[in-house]
Amino acid sequence: MAEKKRAILIVLDSMGVGELPDAANYGDEGADTFGHIARTMGDRFTTPHLSALGLGNITGLDQGSGRFAVAEPAGAFGKLAERSIGKDTITGHWEIAGLETLTPFKTYPDGFPPAFIQALEEKIGVEVIGNYPASGTVIIEELGPEHEATGKPIVYTSSDSVFQIAANTAVIPLERLYEICEAARELLVGEWACGRVIARPYIINSEGKRERTSDRRDYAVTPPEETLLNKVQKAGQEVFAVGKISDIFNGSGVTESVHTTSNMDGVDQTLVAMEKVEEGFIFTNLVDFDSKYGHRRDPEGYGKAIMEFDARLPELTGAMRPGDILLLTADHGNDPTAPGFDHTREYIPLVVYGQPVRAGVEIPVRDTFADIGATIAAYLGVENPPIGTSFLKEIEK
């Protein structure tokens, strides 16, 4: 009987490895998420297990310092450029899975149109407050008192195509917040098109501070074509989504999913999936890098989060079976030393490890994230996604 194969893809959300050639077009010239974290933290920042697999051998990592390189990497390694227009979560994940976004998702730098806000208020039966671009942690401090006094949900956006709704769960219960998000999702089409609606619940903690909870929920649009997930599912194999993956693909092509409360819970749930899934694709997103540290411009916190993941990496590699390949990558950058609070247009790293993978192979720079999806499709023996070229032959024993 042929050995069952599994691909485990973990997205270290926003861990870019240097500006793309077109970064200046996005206002991101000089961006380098990993490199600037490394330089901010200095010798306190170490990644022994990621480095052992080959992360530090990626050309140009940390501006080519060589600080994280090893003599004999255990995996294959490289970096990929984004072909799609944009630098948001959906665009990055969809491209990894084989879709190119030619028209960027619509953004709302001046807030959402009054006609939409009026339609939403009529649909949910209550007025909203806010409706401007903001950091989520800042706006709940600015508008939290009014929201808590009136019961009006807080709505805001960013440079991404997102409509975010924040609420104190003691004022608007979680299920009601989700209902409001679903109502917004139904309206945000056509002339009001928007990539994601995000529920942003918060509490007032024991110290009297407003604190966002892990009950975030994303409501995305459905991909316009079949992605890698659909191809694997149609082949009769499992697609297990960990974290916000199912939300990003609106459940399309997912056979089982689990939401997570943190990066470490994401690792735990990935390990659970590795026990359950017999054949197919495990797709994990670890969002804390982006949401807790990148957007909040916290290089120290970001660096510590990378080191926390690095410390858990031996558990993941130790749980691998002979027919497994593990791929570590990102979906965009979010340089915590850059101005503003938004994603940055960067290369994403790639490390591939497993018994089927030749150690020490440098994968030439790829011109689309989609080559990841194409390689997974080739490894699992399923139909290729709409775009992407497999590099499986370059890394397979």
Side-chain angles (χ1 to χ4, degrees), residues 11-41 55-56 58-68 77-96 99-111 132-135 157-162 193-196 289-291 293-299 302-303 306 329-350 362-372 387-389:
V11 176
L12 311 179
D13 198 307
S14 83
M15 201 184 82
V17 290
E19 63 176 332
L20 282 171
D22 63 356
N25 297 338
Y26 293 79
D28 296 326
E29 193 169 10
D32 184 359
T33 299
F34 186 90
H36 285 147
I37 290 167
R39 271 160 269 158
T40 297
M41 295 189 70
L55 179 73
I58 295 172
T59 298
L61 187 87
D62 190 26
Q63 295 189 1
S65 70
R67 173 180 158 194
F68 300 93
F77 52 89
K79 63 184 180 182
L80 305 95
E82 187 163 17
R83 184 183 299 177
S84 298
I85 299 173
K87 54 177 180 177
D88 61 86
T89 295
I90 293 182
T91 300
H93 282 79
W94 282 12
E95 183 165 323
I96 287 169
L99 294 186
E100 180 180 1
T101 301
L102 297 171
T103 303
F105 288 102
K106 193 173 181 180
T107 58
Y108 295 87
D110 301 315
Y132 53 83
S135 161
T157 187
S158 72
S159 66
D160 284 348
S161 183
V162 293
C194 181
R196 280 183 297 161
F289 301 115
D290 185 54
S291 63
Y293 308 112
H295 285 300
R296 298 183 192 181
R297 294 300 182 248
D298 180 2
Y302 202 137
I306 293 172
T329 191
D331 55 337
H332 48 69
N334 198 343
D335 188 338
T337 70
F341 299 97
D342 304 320
H343 297 155
T344 43
R345 178 84 170 177
E346 297 184 50
Y347 287 102
I348 60 170
L350 178 65
E362 181 170 11
I363 304 162
V365 178
R366 315 298 290 194
D367 66 0
T368 172
F369 297 176
D371 289 358
I372 295 173
I387 66 166
T389 302

Indicate yes or no for a side-chain donor-acceptor contact from [X] to the backbone of [Y] under 3.5 Å, with no hydrogens or angles considered.
| X | Y | result |
| --- | --- | --- |
| R366 | I372 | no |
| S158 | P133 | no |
| S84 | G86 | no |

State, yes or no, whether a side-chain contact exists between [X] and [Y] at a heavy-atom distance under 4.5 Å.
| X | Y | result |
| --- | --- | --- |
| H295 | D290 | yes |
| E362 | T59 | yes |
| V11 | H93 | yes |

What's the separation between atom [atom1] in [X] and atom [atom2] in [Y], rounded to the nearest 0.5 Å?
| X | Y | atom1 | atom2 | result |
| --- | --- | --- | --- | --- |
| D28 | N334 | CG | CG | 9.5 Å |
| D342 | S135 | CG | OG | 10.0 Å |
| L12 | I306 | CG | CD1 | 8.0 Å |
| L99 | I90 | CG | CD1 | 11.5 Å |
| E346 | L80 | CD | CG | 13.5 Å |
| T368 | E82 | OG1 | CD | 8.0 Å |

Can you give me the closest heavy-atom contact between [X] and [Y], atom names plus distance?
| X | Y | result |
| --- | --- | --- |
| E19 | A23 | CB-CB, 3.8 Å |
| D32 | G18 | OD1-N, 3.5 Å |
| T33 | M15 | CG2-CA, 4.2 Å |
| H36 | D335 | ND1-OD2, 2.5 Å |
| F77 | I58 | CD1-N, 3.9 Å |
| F369 | D331 | CE1-O, 3.4 Å |

* Lys NZ or Arg CZ of K87 over Y26 ring: under 6.0 Å, within 45° ->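 Verdict for Y26: no cation-pi partner in K87.
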Please output the side-chain donor-acceptor pairs of residues 102-109 that fall under 3.5 Å, not counting sequence neighbours, one pair per line with the distance.
unit_1, atom_1, unit_2, atom_2, d
K106, NZ, E191, O, 2.7
Y108, OH, W192, O, 3.3
Y108, OH, A193, O, 2.8

* To do: Would you please name every residue forming a ring pair (Phe, Tyr, Trp, His ring centres under 6.0 Å) with H332, sequence neighbours left out?
  =>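 Checked H332 against ring pair (Phe, Tyr, Trp, His ring centres under 6.0 Å); matches are H343.
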* Salt-bridge test for R196 and D88: reply yes if a basic N is under 4.0 Å from a carboxylate O, no otherwise. =>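 Between D88 and R196 there is no salt bridge, as every charged N stays at least 4.0 Å from the carboxylate O atoms.
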* Asked: With a 4.0 Å cut-off, would you call R83 and E95 a salt bridge?
  ->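 Answer for the salt bridge query: no.
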* Could you walk me through whether T40 and Y302 pass the side chain to side chain donor-acceptor pair (under 3.5 Å) check? -> CA-CA 11 Å; T40 297; Y302 202 137; over 6 Å; no
* side chain to side chain contact (heavy atoms under 4.5 Å, CB included) assessment of L55 paired with F34 -> CA-CA 11 Å; L55 179 73; F34 186 90; 3.9 Å; yes
